[in-house]
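Structure record follows, encoded as structure tokens.
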Protein chains: 2
Amino acid sequence: MIQKYKNEEKVLVAVDCIIFGFDQQDEELKILLIKRNFAPEKGKWSLMGGFLHADETLKDAATRILHSLTGLHNVYLEQLKAYSEIDRDPVERTISVTYYALINIEAHDVELIKKNSARWFKMSNCPKLIFDHNEMVNDAIERLRYRASTQPIGFELLPVKFTMRQLQKLYEEIMDEKLDKRNFTKKINSFNILEKLKEKNKKSSKKGSFLYKFNQQKYQQKIKNGFGFKI
Amino acid sequence: MIQKYKNEEKVLVAVDCIIFGFDQQDEELKILLIKRNFAPEKGKWSLMGGFLHADETLKDAATRILHSLTGLHNVYLEQLKAYSEIDRDPVERTISVTYYALINIEAHDVELIKKNSARWFKMSNCPKLIFDHNEMVNDAIERLRYRASTQPIGFELLPVKFTMRQLQKLYEEIMDEKLDKRNFTKKINSFNILEKLKEKNKKSSKKGSFLYKFNQQKYQQKIKNGFGFKI
DNA sequence: AAATTAAATGTACTTAATACATTTATTAAA
DNA sequence: TTTAATAAATGTATTAAGTACATTTAATTT
């Protein structure tokens, strides 16, 4: 039998989730925050988080935490970074590993969110958060931008059928810059990951705009092989 | 007084370092590995690592570990990722956070390395490592490639004065592809981060090749603002 | 004087990025 | 039924960046 490691100090490990959603009503990128209901910083806004259990990986923990807030399974999750400043949590020494999640904002469980006193906030209007959570959010949006410029983003954040305008607005929100419609369309089409449907969405204009959906296979291919998105 | 978190499980947190160096003799990218001198897996090759202490951040720990092996201070370090599979360390549940380091291979303390039974290995000839360390190395080289394509690399890995050939070989090693000499020179010059010196390095040819050094200020500027390196 | 070595150098071609304005389909109101 | 309103759909010319490619040059050694 191998001896255990001796005299080594164990620490608390937390997992915090930066949950992104794209609100199709007002075409804005949002994050889901909870109102902390215990001391310290009770009543302040915070990322959804929890402690790592002995029998789960970090991703397991992130999945569990996300499910407990949104009711969602099979969510896109990517590990971001470990935060370890000694006093980042004033209660006790805790390091935190962050994950960011991309979810379809229409699909989550509204009741659960209420129960957890959670709310969607515009990214551009993110409140002051507890501890180092604002830094986490900033790091997450930076990573999301990187991902959106190297792999397709959208399937996780949009409904199954969507318009070219919605996709463009999503990219504009992520990149935080206006894009040219014609160049955007040209670029997206060149990736050959969309299927144009015969249906139109008539909500936005008299003319209506055609709906698209992702070609799953080609989309997954692009995720694997990547692309250079620059416009 | 705020209560401590109760009933939460603490875990061991390790830090493992992927230490890159560029060997100017044989113009190869190498990593520094140690021969593990305790069970389990005694005698096997491993990344240099250690446990996180209560009074230090993860980066502090990485710095300490790196210093204990190389004698170097002020080394370039970047956090990579946390690894948390339950049985990744068979002794006891341990999560590990990796950092990669870029060092000038000529500058380290050779005695210390010997004492730690460490050795430089060609990246392309990395041996089988313990636990999930090979995965860590693969993730590290991927990140290094990303960094080399968005920010200048070189200052950390090359001597103060170097030839254009050395810089090109370094990039070729990192990217694992041959580059065209004229296009490489053109590109690097367009970044305007080098100063051409009057001196020549006569070792490599009869004609000799001019030495360059980085313009510190412009180099740091590029690190902040980034560039697109693609050849 | 000739041979050797790697360094230094430029151009034409192809591809990708950018800037930019008009017409069209449909519905609702006059 | 005509007109007004709305956002959608669409193409081209220009500029910038990436790629492919071969010869001459400086210095040293034989």
Side-chain angles (χ1 to χ4, degrees), chain A residues 24-28 145 148-152 158 161-172 175 177-213 222 225-231, chain B residues 24-27 145 148-150 152 158-159 161-172 175-213 222 225-231:
Chain A
Q24 286 134 237
Q25 254 54 56
D26 44 18
E27 299 181 324
E28 278 168 351
R145 278 190 195 129
S149 68
T150 56
Q151 293 181 352
L158 289 173
K161 298 172 184 180
F162 52 88
T163 63
M164 193 61 89
R165 179 198 168 96
Q166 283 179 301
L167 186 60
Q168 182 179 338
K169 291 287 176 188
L170 172 58
Y171 264 89
E172 288 182 342
M175 298 309 196
E177 59 177 327
K178 288 293 271 175
L179 302 175
D180 178 86
K181 182 161 55 159
R182 283 163 292 185
N183 293 343
F184 181 82
T185 308
K186 200 198 300 176
K187 188 87 185 204
I188 291 291
N189 283 332
S190 79
F191 295 143
N192 192 31
I193 51 174
L194 294 187
E195 279 174 35
K196 190 175 190 170
L197 304 177
K198 297 227 158 51
E199 293 174 72
K200 277 187 163 183
N201 174 339
K202 292 266 176 68
K203 275 178 212 152
S204 57
S205 83
K206 313 284 161 93
K207 183 178 178 179
S209 58
F210 281 104
L211 289 164
Y212 292 81
K213 64 178 189 183
K222 284 286 173 192
N225 305 142
F227 61 46
F229 184 85
K230 180 91 200 304
I231 246 173
Chain B
Q24 285 134 237
Q25 253 55 56
D26 44 18
E27 298 182 325
R145 278 189 195 130
S149 67
T150 55
L158 290 173
K161 298 174 185 179
F162 54 87
T163 64
M164 194 59 89
R165 177 198 169 96
Q166 284 178 299
L167 186 59
Q168 182 178 339
K169 291 287 177 189
L170 172 58
Y171 264 88
E172 288 182 340
M175 298 309 194
D176 194 24
E177 61 177 326
K178 287 293 269 177
L179 301 175
D180 178 86
K181 181 162 56 161
R182 282 163 293 183
N183 292 344
F184 182 83
T185 307
K186 201 199 300 177
K187 188 87 186 202
I188 291 291
N189 283 332
S190 79
F191 295 142
N192 193 28
I193 52 175
L194 294 187
E195 278 174 36
K196 191 174 189 170
L197 305 177
K198 296 225 160 54
E199 295 173 70
K200 278 187 164 186
N201 174 339
K202 292 266 176 71
K203 275 177 212 154
S204 56
S205 83
K206 312 283 160 93
K207 184 178 178 181
S209 57
F210 281 104
L211 288 164
Y212 292 80
K213 64 178 189 184
K222 284 285 173 192
N225 304 143
F227 62 46
F229 184 85
K230 178 86 203 306
I231 244 172

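All chains are named by letter (A, B, ...) in the order of the sequence lines, taking the proteins before the strands, and each is independently numbered beginning at 1.
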Measure from the side chain of B:Arg182, starting at C-beta and using heavy atoms only, and say which of D:dA8, D:dG18, C:dT9 lies closest. C:dT9
Any idea which of D:dA27, C:dA7, D:dG11 is nearest the A:Asn183 side chain? D:dG11
Rounded to whole Å, please give me the gap between [atom1] in [X] and [atom2] in [N].
X: A:Phe184; N: C:dC20; atom1: CZ; atom2: C1'; result: 18 Å
X: A:Lys206; N: D:dT2; atom1: NZ; atom2: P; result: 19 Å
X: A:Lys186; N: C:dC20; atom1: NZ; atom2: P; result: 14 Å
X: A:Lys200; N: C:dA25; atom1: NZ; atom2: P; result: 8 Å
X: A:Phe227; N: C:dT15; atom1: CZ; atom2: P; result: 21 Å
X: A:Phe229; N: C:dA16; atom1: CZ; atom2: C1'; result: 14 Å
X: A:Arg165; N: D:dA7; atom1: CZ; atom2: C1'; result: 8 Å
X: B:Asp180; N: D:dA22; atom1: CG; atom2: P; result: 11 Å

Is it the case that over 12 heavy atoms from other parts of the model lie below 6.0 angstrom from the NZ atom of A:Lys200? yes
Taking only N and O in the side chain of B:Lys181, is any of them less than 4.0 Å away from OP1 or OP2 of C:dA8? no
Are any of B:Lys207's side-chain N or O atoms less than 4.0 Å away from OP1 or OP2 of D:dT28? no
Centre of A:Phe210's six-membered ring, under 6.0 Å away, within 45 degrees of the axis: is that where NZ or CZ of A:Lys196 sits? yes
NZ of A:Lys169 to CZ of A:Phe184, rounded to nearest 0.5 Å, is 11.0 Å
Say you draw a straight line from CG of A:Leu167 to CD1 of A:Ile188; how long is it, rounded to the nearest 0.5 Å? 5.0 Å
Would you kindly compare B:Gly208 and A:Lys196 by the position of their nearest DNA chain D nucleotide and give the one closer to the 5′ end? A:Lys196
